[in-house]
Amino acid sequence: MSTAPLGLGEGHFPARAPQRLRVSFEFFPPRTDAMEKTLWEAVTRLTPLGPTFFSVTYGAGGSTRQRTHDTVVRLKAETGIDPAAHLTCVAATRGEIDEVAQAYWDAGIRHVVALRGDPPSGMGGKYSAHPGGYANAADLVAGLRKIAPFQISVAAYPEKHPDSPDATADLDNLKRKVDAGADRCITQFFFEVDDFLGFRDRAAAAGVHVPIVPGIMPVSNFQAVNRIAGLCGSKVPGWLASLFDGLDDDIETRRMIAATVAGDLCRRLQSEGVEQFHFYTLNRADLTFAICHLLGVRPRRSPS
């Protein structure tokens with residue numbers, strides 16, 4: 001059955017309904033002054049929505065380690081929203097990773113997103129564990145549990161991680177991460193509702209009983225997202241490609257379509273009992289803010 005977007009209407013988007021959903025937002029550490037400005041503009045716009053947490057990514061091979069640390073510490077200090085720092089197994093020994101984790105705890109950071117990580121060459125490269133390092137995300141989760149009582153999130157793949165031989169092996173790996181102590185699973189982005197629902201059912205049947213939070217990627221640059229999807233194992237349905245056909249030079253129309261598509265995806269998931277969404281913002285607030293608005297997630301008003 002097709003899950004292409006339906007029409008907009010009051011019955012589809014609960015604009016006046018009380019806020020029921022919880023949202024969280026992902027950022028990446030800025031590399032330039034201009035990117036820094038864009039990031040904090042996005043943070044300023046999204047903070048009033050009262051997210052459950054902000055997460056900050058960790059570059060391939062730990063290439064943004066210090067910038068990740070600086071960003072999460074500043075987020076905590078300036079927004080009052082709990083930040084979650086990404087931490088990977090790549091290009092570091094256990095001792096080095098443990099030191100980073102301890103530094104987060106000492107800085108008041110209580111939430112870590114524990115990941116195997118991409119190879120230093122980036123997504124699509126061949127991964128190999130660092131000698132003396134954590135072998136995989138499950139080992140990292142277990143290691144973090146020995147350091148401090150972190151809240152720990154891990155990655156989940158509704159359409160299978162590209163390095164997994166099959167969906168069963170991928171689900172077994174997720175179960176190992178949860179058994180090691182993960183509190184929450186956040187999915188890779190996807191575009192078909194049934195892919196998430198089927199995965200959620202299979203995970204529950206396999207004994208994964210922690211929350212599985214859908215990761216939402218608003219698509220404004222279709223070519224870029226199509227390229228990323230090919231590297232991370234997410235499929236791009238034909239109906240989505242057709243919606244962006246002929247709009248390469250029409251950014252405003254692309255943005256309107258992106259908000260409608262992602263809002264409809266979230267609304268469908270909400271009707272299936274999903275109450276929390278994690279947005280991959282790409283350090284920009286406009287689309288994420290619009291989608292949250294469609295879903296009834298509005299800035300919190302101070303009592304008069």
Side-chain angles (χ1 to χ4, degrees), residues 18-59 64-88 100-115 144 148-155 183-187 189 211 213-218 220 259 262-263 266 275-304:
Q19 180 169 326
R20 299 182 301 275
L21 298 179
R22 290 170 293 148
V23 295
S24 53
F25 306 124
E26 182 167 297
F27 305 113
F28 59 84
R31 295 189 299 271
T32 66
D33 288 345
M35 293 171 70
E36 180 101 8
K37 181 174 183 291
T38 299
L39 166 63
W40 292 102
E41 286 173 348
V43 170
T44 299
R45 184 92 192 278
L46 295 173
T47 295
L49 297 179
T52 305
F53 62 89
F54 293 129
S55 71
V56 182
T57 64
Y58 198 69
T64 64
R65 178 183 298 173
Q66 189 59 47
R67 290 199 298 272
T68 299
H69 183 277
D70 293 345
T71 302
V72 295
V73 170
R74 183 177 170 186
L75 280 168
K76 183 174 180 64
E78 296 188 10
T79 70
I81 304 296
D82 289 332
H86 285 213
L87 189 59
T88 77
V100 173
Q102 187 64 57
Y104 280 134
W105 185 264
D106 293 343
I109 307 306
R110 300 293 183 256
H111 187 174
V112 171
V113 181
L115 308 164
L144 290 170
F150 286 106
Q151 179 182 168
I152 301 175
S153 297
V154 295
D183 300 293
R184 172 193 298 103
C185 307
I186 301 173
T187 78
F189 67 87
V213 180
I216 306 298
M217 174 76 84
S220 59
C266 293
E275 296 181 345
Q276 184 169 351
F277 297 96
H278 185 71
F279 290 93
Y280 298 109
T281 70
L282 302 181
N283 287 14
R284 295 187 177 276
D286 51 356
L287 284 175
T288 298
F289 190 93
I291 295 158
C292 288
H293 187 88
L294 286 170
L295 295 170
V297 179
R298 306 292 174 84
R300 295 179 175 177
R301 293 182 173 88
S302 300
S304 55

side-chain hydrogen bond (donor to acceptor under 3.5 Å, both in side chains) involving [X] - partner list, sequence neighbours excluded:
X: R184; answer: H111, Q151, S153
X: R45; answer: none
X: D106; answer: Q102

side-chain contact (heavy atoms from CB on, under 4.5 Å) with [X]: which residues, sequence neighbours excluded?
X: T52; result: R22, Q276
X: A148; result: W105, F150
X: T71; result: P29, P30, L39, W40, V56, L75

Euclidean distance, [Y] [atom2] relative to [X] [atom1], rounded to 0.5 Å:
X: F279; Y: F289; atom1: CZ; atom2: CZ; value: 12.0 Å
X: L21; Y: C292; atom1: CG; atom2: SG; value: 8.5 Å
X: C266; Y: L294; atom1: SG; atom2: CG; value: 9.5 Å
X: I152; Y: C185; atom1: CD1; atom2: SG; value: 12.0 Å
X: F277; Y: L295; atom1: CZ; atom2: CG; value: 6.5 Å

Could you pull out the closest heavy-atom pair between [X] and [Y], with the gap in Å?
X: A101; Y: L144; value: CB-CD2, 3.5 Å
X: T68; Y: A85; value: CG2-CB, 4.5 Å
X: P51; Y: L46; value: CD-O, 3.8 Å

Tell me, please, which residues at least two apart from F27 pass ring-ring contact (aromatic ring centres under 6.0 Å, His included).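 Testing F27 for ring-ring contact (aromatic ring centres under 6.0 Å, His included), a comparison that skips the adjacent residues, returns F54.
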For R74, all residues meeting salt bridge (Lys or Arg N to Asp or Glu O under 4.0 Å), sequence neighbours excluded: E36, E78
side-chain contact (heavy atoms from CB on, under 4.5 Å) for L115 and Y58? Distances and angles first, verdict last. CA-CA 9 Å; L115 308 164; Y58 198 69; over 6 Å; no
Ignoring hydrogens and geometry beyond distance, is a side-chain donor-acceptor pair present between H278 and S24 at under 3.5 Å? yes
Any pair with a residue in residues 279-291 that passes side-chain hydrogen bond (donor to acceptor under 3.5 Å, both in side chains), sequence neighbours left out, goes on the list, sorted by first then second residue, please.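 Listed by first then second residue: nothing to list.
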